[in-house]
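Notes follow the structure.
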Amino acid sequence: MNYWLIKSEPGTYSIDDLKKEKKTMWNGVRNYTARNNMRDMKKGDICLFYHSVTDPSIVGLSKVVKESYQDPTTEETAWVVVDVAFEEKFKTPISLNEVKLHPKLENMQLLKQSRLSVQKVTKEEYDFILKLAKELAK
DNA sequence: GCCAACGTTGGC
DNA sequence: GCCAACGTTGGC
């Protein structure tokens with residue numbers, strides 16, 4: 001079981017869109033590091049859902065329901081997609097500023113490699129983030 | 001294989 | 001809208 005963080009600009013595809021659709025094909029990734037991460041995703045893995053640009057924050061959870069396969073939206077064989085399903089929307093999003101406040105999260109790729117659109121998250125970071133989400137929801 | 005030029009991402 | 005970070009491209 002692994003944990004990930006996937007990014008999307010809410011104007012393009014938001015957690016609400018995923019909630020409505022229940023499930024989506026995560027396409028459009030055109031970066032090799034991100035692609036490699038998607039290849040490593042296993043069914044049942046959890047992906048933190050991150051809104052970039054307009055409201056930088058972790059807004060909820062999604063789950064991998066189909067492992068990587070060739071991206072049907074391009075002829076290029078280099079790219080893959082996964083299918084993810086809606087899992088949860090946090091009552092209160094965890095803003096990027098909030099993430100920066102906690103020493104336990106200071107090594108997150110989100111802070112170190114801010115441009116990477118599919119990132120690995122450690123179990124420790126994931127557990128801490130869930131705890132944080134619950135506290136903020138109060 | 002190096003590196004300059006260029007394009008894109010994303011925080012602010 | 002600006003700009004830093006960083007990935008990609010292409011000339012040499």
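Note: hydrogens, waters and symmetry copies are ignored here, and every other heavy atom, side chains too, is used.
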Tell me the interatomic distance from [X], atom [atom1], to [N], atom [atom2], rounded to whole angstroms.
X	N	atom1	atom2	answer
A:Glu9	B:dT8	CD	C1'	11 Å
A:Gln109	C:dA5	CD	P	18 Å
A:Lys100	B:dG10	NZ	P	14 Å
A:Leu116	C:dT8	CG	C1'	15 Å
A:Gln119	C:dA5	CD	P	17 Å
A:Leu5	B:dT9	CG	P	17 Å
A:Arg115	C:dC3	CZ	P	17 Å
A:Asp55	B:dG10	CG	C1'	13 Å

Establish, for the pair A:Lys89 and A:Phe86, whether the NZ or CZ atom is under 6.0 angstrom from the six-membered ring centre and no further than 45 degrees off its axis.
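No, cation not above the ring by the 6.0 Å, 45° rule.
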Taking the minimum atom-to-atom distance to the side chain of A:Asn97, which one of B:dT8, B:dG11, B:dC12 wins?
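My answer, after comparing the listed nucleotides, is B:dC12.
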Nearest to the side chain of A:Lys7 - C:dA5, B:dG11, B:dG10?
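Side chain of A:Lys7 sits closest to B:dG10.
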Short side-chain N/O contact from A:Tyr50 to OP1 or OP2 of B:dG11, under 4.0 Å
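Checking A:Tyr50 against B:dG11: at least one side-chain N or O falls below 4.0 Å of OP1 or OP2.
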Taking the side chain as every heavy atom from C-beta outward, state whether A:Leu5 and A:Tyr126 have any pair of such atoms under 4.5 Å apart.
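No. Closest side-chain heavy atoms not under 4.5 Å.
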If you define the side chain from C-beta out and look only at heavy atoms, does anything of A:Arg115 sit under 4.5 Å from A:Asn31?
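A side-chain contact is absent here, since even the closest heavy-atom pair is not under 4.5 Å.
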Test item: A:Ser14 side-chain N/O and A:Asp16 main-chain N/O as donor-acceptor pair under 3.5 Å
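Yes, the answer is positive, given that a donor and an acceptor are paired below the 3.5 Å cut-off.
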